[in-house]
Enquirer: 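My questions will all concern the structure given below.
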There are 2 protein chains.
Amino acid sequence: MPVTMMDIAKDLKVSVVTVSKVLRNQGRISDATRKRVLRRAKELNYQMNWVARSLVTRRTYTIGLLLPEFAHPFFAEIARAVAQTVRPHGYHIVISSFEEDPDLEASEVDSLLARQVDGLIIASSQPPHRLAMFKRVQERNTPYVLIDRPIVGLRACFVGVDNRAIGSLATEHLIERGCCRIGHLRGPEVGIAEERLEGYRRALTRHGFRPHSSYIVAGGRGDDTGYDGMRKLLGVGPVTDGVFCYNDPVAIGAMRAILEAGLKLPDDIALVGAGNVHYSDVLAIPLTTIDQGTSQIGVLAAELLITRIASKRSMRSQKILIPPKLVERESTRRQP
Amino acid sequence: MPVTMMDIAKDLKVSVVTVSKVLRNQGRISDATRKRVLRRAKELNYQMNWVARSLVTRRTYTIGLLLPEFAHPFFAEIARAVAQTVRPHGYHIVISSFEEDPDLEASEVDSLLARQVDGLIIASSQPPHRLAMFKRVQERNTPYVLIDRPIVGLRACFVGVDNRAIGSLATEHLIERGCCRIGHLRGPEVGIAEERLEGYRRALTRHGFRPHSSYIVAGGRGDDTGYDGMRKLLGVGPVTDGVFCYNDPVAIGAMRAILEAGLKLPDDIALVGAGNVHYSDVLAIPLTTIDQGTSQIGVLAAELLITRIASKRSMRSQKILIPPKLVERESTRRQP
DNA sequence: CCCACTTGAATAAACGTTAACCCTGCCAAT
DNA sequence: ATTGGCAGGGTTAACGTTTATTCAAGTGGG
């Protein structure tokens, strides 16, 4: 029912190809017919059928964005950045969230490939050494960029933050603020949390402290795990005077536990989060945090992917580490 | 380069149509060949080319989701709900954010139509009586559902919250808590803010108070406008003892202004927001707010759209108003 | 006046699938 | 022997574009 090039062609008694050429500004067309075609197209309110075009050009100008969950502000921000970056190039993004389920993730990747996306951006939850999903993507020669979570043993493009630097930056800030029994509420058992922990350890030893395992409390990503973890940490003596939390939600949970225990923030315990989520500055005590350049991750990943799509030949896989930045607020503002 | 039905057909010396029929479980195919086809398809790791299928079936199993901005937790939550609701039906969503720019919104709608989406979900920013964009959608017979922001003068499906009820609910709660000089930090000059204001007014008059215009302060959507608005409101005498804020960010800004002025919350001034964004309970003083059933909006809009797409005949346009719910927290917890 | 070249356009074929028919055996009932 | 029906396929023609090739007419030079 919608208007096609055929309709325009018949009206003007020219061939469909002529119409196509005019609309693409290609080939040699006289100014007269060009004008006629354009006018008729406007009159009929012609809209290109991208499905048909994609079938023959083998380009959909569509990229798949695969995220663990996009209600999370971190990923929502990335989605925003990606969408804004690719729009000027004529791309749209198909999103899919897989709720941290590796199987769902793999099946969504297959769906997106079936939809012929020109490229993929993935914050993957695939466990280490399960590379089958990526193999399938590579077989199809579909460019893809990993973000946020690197995958060991995979030669692929990656854009993310330097997580070791986050750990060091946070820990050194606490040291500067005079803390000397620094705890860490660590994240889940994956690469990122591991690296932040590593940065924390290195900063401690570099400044002559000995990392003590009882000050390192296992946890997860959410604020409830932060709450539980902090309560556990408060039971360890001598009590900590500074805590580096895996991320901002964890820090928020920890903050609740500290205040509930009747302790003062930052005077009794200073707190550093990571992520700089948008609301970090309207909390009970505004949270010092490490900014991980969230939107930059999205922008760089999108640009990287687009250049990959544009270049016929496969380029070397490229890894971009964004340097984190400290954002100081009340939760660590105290006299050394 | 990817495997096509043709490849399978040649290998097995059958016709492409036979392969197609097997893969769709249609037509009469013997068990023997069915098995052979399926086996070969698996061996070659065949993936359907959805672009080609869409061209002939005129269905992309794709819906366009158009939002003002999806870094905003409200819209991010809606996106999540929509995506999860449509996935079991085989749909994917193409998102686009238009940064509150009506022209960009219109052009994105056109792009999505050109991409042959099967339906649209839109939280529109079109000014009243600018219906051209919607006309174009209707001409193509593409089903669409408006969410959150109704458009006057348009017979279209709509899913949103009952904003008058939000205003009433919040105001009556403040009255119950013993407030008798109730202010309102209102939102931008659009329908939603108007309705919440209307609910506020009605609740006041219903309880024998006279709405006073100096207690109604104009504003916007963000926390800075909440801060500015509250400072203005504090200059009005006799000073208010309860404020209903257009939304949670505004309330957060207002909270900062109140605390900065050395006033106590909720004892001097009680505060109610609207939206129940995820972090409302980790603020300096946890915020009483009105839950607007965000994810429900996404779910219902998605379901409505899918039934519209499925039904050949055009149905009557349907409007769904979700009843809001009060979520009481510290910011209003005081003795009447 | 013929050849070569250019301009402006038409024609044919493809992209990978599906929809709508058509064909060929085979079997049972007439 | 004819008819009818059905199982198990195959053929043909779309879907709306683009790419590649071909063609007709005009133009300028020798």
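Each chain gets a letter, A, B and so on, in the order the sequences are listed, and its residues count up from 1. What's counted below: heavy atoms across the whole structure, side chains too, no hydrogens, waters or symmetry copies. Worth saying up front: this structure is predicted, and the values here are computed from it rather than measured.
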Enquirer: Between the opening five pairs and the closing five pairs of the helix from C:dC1-D:dG30 to C:dT30-D:dA1, how far apart are the helix axes, to 10°?
Expert: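 That helix has its two terminal axes inclined by roughly 70°.
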
Enquirer: Around B:R24, counting heavy atoms of other residues, nucleotides and ligands shown, do more than 12 lie under 6.0 Å from its CZ?
Expert: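 Yes, CZ of B:R24 has more than 12 neighbouring heavy atoms, counting only those of other groups under 6.0 Å.
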
Enquirer: Taking only residues two or more places apart in sequence, or in another chain, which ones meet B:F75 in a ring pair (Phe, Tyr, Trp, His ring centres under 6.0 Å)?
Expert: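 Partners of B:F75 under the ring pair (Phe, Tyr, Trp, His ring centres under 6.0 Å) test: B:H72.
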
Enquirer: Once you round it to whole Å, what is the distance between P of C:dG16 and CG of A:L113?
Expert: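 About 16 Å, once rounded to whole Å.
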
Enquirer: What residues form a ring pair (Phe, Tyr, Trp, His ring centres under 6.0 Å) with B:Y46, not counting sequence neighbours?
Expert: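 None.
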
Enquirer: I need the full list of ring pair (Phe, Tyr, Trp, His ring centres under 6.0 Å) pairs touching residues 102-157 of chain B, with sequence neighbours left out, sorted by first then second residue.
Expert: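 Ring pair (Phe, Tyr, Trp, His ring centres under 6.0 Å) check on residues 102-157 of chain B returns B:F134-B:Y144.
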
Enquirer: Once you measure the plane-to-plane angle for A:W50 and A:Y61, does it fall in the parallel (<30°), tilted (30-60°) or perpendicular (>60°) bin?
Expert: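 Judged by the thresholds at 30° and 60°, the geometry between A:W50 and A:Y61 is perpendicular.
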
Enquirer: Is the number of heavy atoms from other residues, nucleotides or ligands under 6.0 Å of A:R59 CZ greater than 12?
Expert: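 Count over threshold, so yes.
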
Enquirer: Any non-hydrogen side-chain atom of A:M133 less than 4.5 Å from a side-chain atom of A:P102?
Expert: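 Side-chain contact under 4.5 Å: no.
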
Enquirer: Tell me whether the count of non-hydrogen atoms from other residues, nucleotides or ligands lying under 6.0 Å of NZ in B:K35 goes above 12.
Expert: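 Result for NZ/B:K35: open.
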
Enquirer: In whole angstrom, what separates B:M5's CE from D:dG9's P?
Expert: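 The answer, rounded to whole Å, is 16 Å.
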
Enquirer: Between B:R28 and D:dG8, is there a side-chain N or O to OP1/OP2 distance below 4.0 Å?
Expert: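 No.
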
Enquirer: Return the value, rounded to whole Å, for the distance between atom CD of A:Q26 and atom P of D:dT17.
Expert: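 Result: 16 Å.
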
Enquirer: For residues 10-23 of chain B, which residues have at least one heavy atom under 4.0 Å from DNA chain D?
Expert: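 By residue number: B:V14, B:S15, B:V17, B:T18, B:K21.
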
Enquirer: Just how far, in rounded Å, is P of D:dC15 from CG of A:D7?
Expert: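 So the two atoms are 11 Å apart, to the nearest Å.
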
Enquirer: Is the phosphate of C:dA19 approached by B:R24 (side-chain N or O, under 4.0 Å from OP1 or OP2)?
Expert: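 For C:dA19, OP1/OP2 do have a side-chain N/O of B:R24 under 4.0 Å.
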
Enquirer: Between the side chains of A:K135 and A:E139, is the shortest nitrogen-to-carboxylate-oxygen separation below 4.0 Å, so that they form an ion pair?
Expert: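 Salt bridge between A:E139 and A:K135, a charged N being under 4.0 Å from a carboxylate O: no.
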
Enquirer: To the nearest Å, give me how far apart CZ (B:R59) and P (C:dT17) are.
Expert: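 Going from B:R59 (CZ) to C:dT17 (P), I get 19 Å.
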
Enquirer: As a quick check of understanding, evaluate salt bridge (charged side-chain N to carboxylate O under 4.0 Å, His left out) for A:R140 and A:D110, giving each step before the final call.
Expert: CA-CA 11 Å; A:R140 287 183 64 116; A:D110 288 337; over 6 Å; no

Enquirer: Output the rounded distance in Å from CE (B:M6) to P (C:dA13).
Expert: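 In whole Å, C:dA13 P and B:M6 CE are 16 Å from each other.
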
Enquirer: Under 4.0 Å between a side-chain nitrogen and a carboxylate oxygen: does that hold for A:R36 and A:D11?
Expert: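 Salt bridge flag = no for A:D11 with A:R36.
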
Enquirer: Identify, residue by residue, the members of residues 33-58 of chain B with a heavy atom below 4.0 Å from DNA chain D, and return them in order of residue number, or none.
Expert: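 Result for residues 33-58 of chain B: B:T33, B:L55, B:V56, B:R58, sorted by number.
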
